[in-house]
Asker: 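One structure coming up, written as structure tokens, with questions to follow.
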Amino acid sequence: MAYRRGPREPVPEKETVVWSCTNKECSCWMRDAFSTDEKTICPICKSEMEKEIRVLPVIS
């Protein structure tokens, strides 16, 4: 089995709008592009979610 050695290509990142859970004990979040609702409910704890910006890898 061959392993690739040497520097890896950097993963392109950009600022992305995400929905983040408002419950401090829950770490759930999702990209806005994957949400279909105007106001989203957390699928884990059922709390409200709010929009925020995060720097994430680009999905092609």
Side-chain angles (χ1 to χ4, degrees):
M1 199 190 251
Y3 291 97
R4 180 178 167 202
R5 299 204 179 218
R8 293 184 179 200
E9 288 185 29
V11 177
E13 295 181 334
K14 76 174 204 174
E15 289 186 350
T16 308
V17 178
V18 298
W19 287 96
S20 181
C21 186
T22 57
N23 183 353
K24 299 295 182 197
E25 296 173 2
C26 181
S27 61
C28 184
W29 63 272
M30 71 177 113
R31 292 176 189 256
D32 185 47
F34 298 139
S35 173
T36 57
D37 299 330
E38 190 72 23
K39 196 165 194 175
T40 307
I41 301 296
C42 178
I44 306 297
C45 71
K46 308 299 184 213
S47 297
E48 286 190 27
M49 297 182 88
E50 61 185 16
K51 284 188 177 183
E52 67 179 41
I53 305 277
R54 292 189 183 188
V55 178
L56 299 173
V58 175
I59 296 178
S60 51

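These numbers come from a predicted model, not from an experiment. Note: hydrogens, waters and symmetry copies are ignored here, and every other heavy atom, side chains too, is used.
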Asker: Taking all non-hydrogen atoms of both residues into account, name the closest pair between Pro43 and Met30 and its distance.
Answerer: CD-CE, 4.4 Å
Asker: Using a 3.5 Å distance criterion without hydrogens, assess whether the side chain of Thr22 forms a donor-acceptor pair with backbone atoms of Glu48.
Answerer: yes
Asker: Could you grab the distance from atom SG of Cys21 to atom NZ of Lys46, nearest 0.5 Å is fine?
Answerer: 10.5 Å
Asker: Closest approach of Trp19 and Lys39, non-hydrogen atoms and distance?
Answerer: CH2-CA, 4.2 Å
Asker: Find the distance between CD1 (Ile41) and OG (Ser35) and round it off to the nearest 0.5 Å.
Answerer: 10.5 Å
Asker: If you look at every heavy atom in Lys51 and Val17, which pair is closest and at what distance?
Answerer: CD-CG1, 4.0 Å
Asker: For the CZ atom of Arg54 and the CG atom of Asp32, what is their distance to the nearest 0.5 Å?
Answerer: 13.0 Å
Asker: Using 0.5 Å steps for rounding, measure from the NZ atom of Lys14 to the CG atom of Leu56.
Answerer: 10.5 Å
Asker: Going by heavy atoms in the side chains, are Cys26 and Cys42 under 4.5 Å from each other?
Answerer: yes
Asker: Look up atom CD1 in Ile44 and atom CG in Asn23, then write down how far apart they are to the nearest 0.5 Å.
Answerer: 11.5 Å
Asker: Report the distance from atom CD of Glu52 to atom CD of Glu15, rounding to the nearest 0.5 Å.
Answerer: 12.0 Å
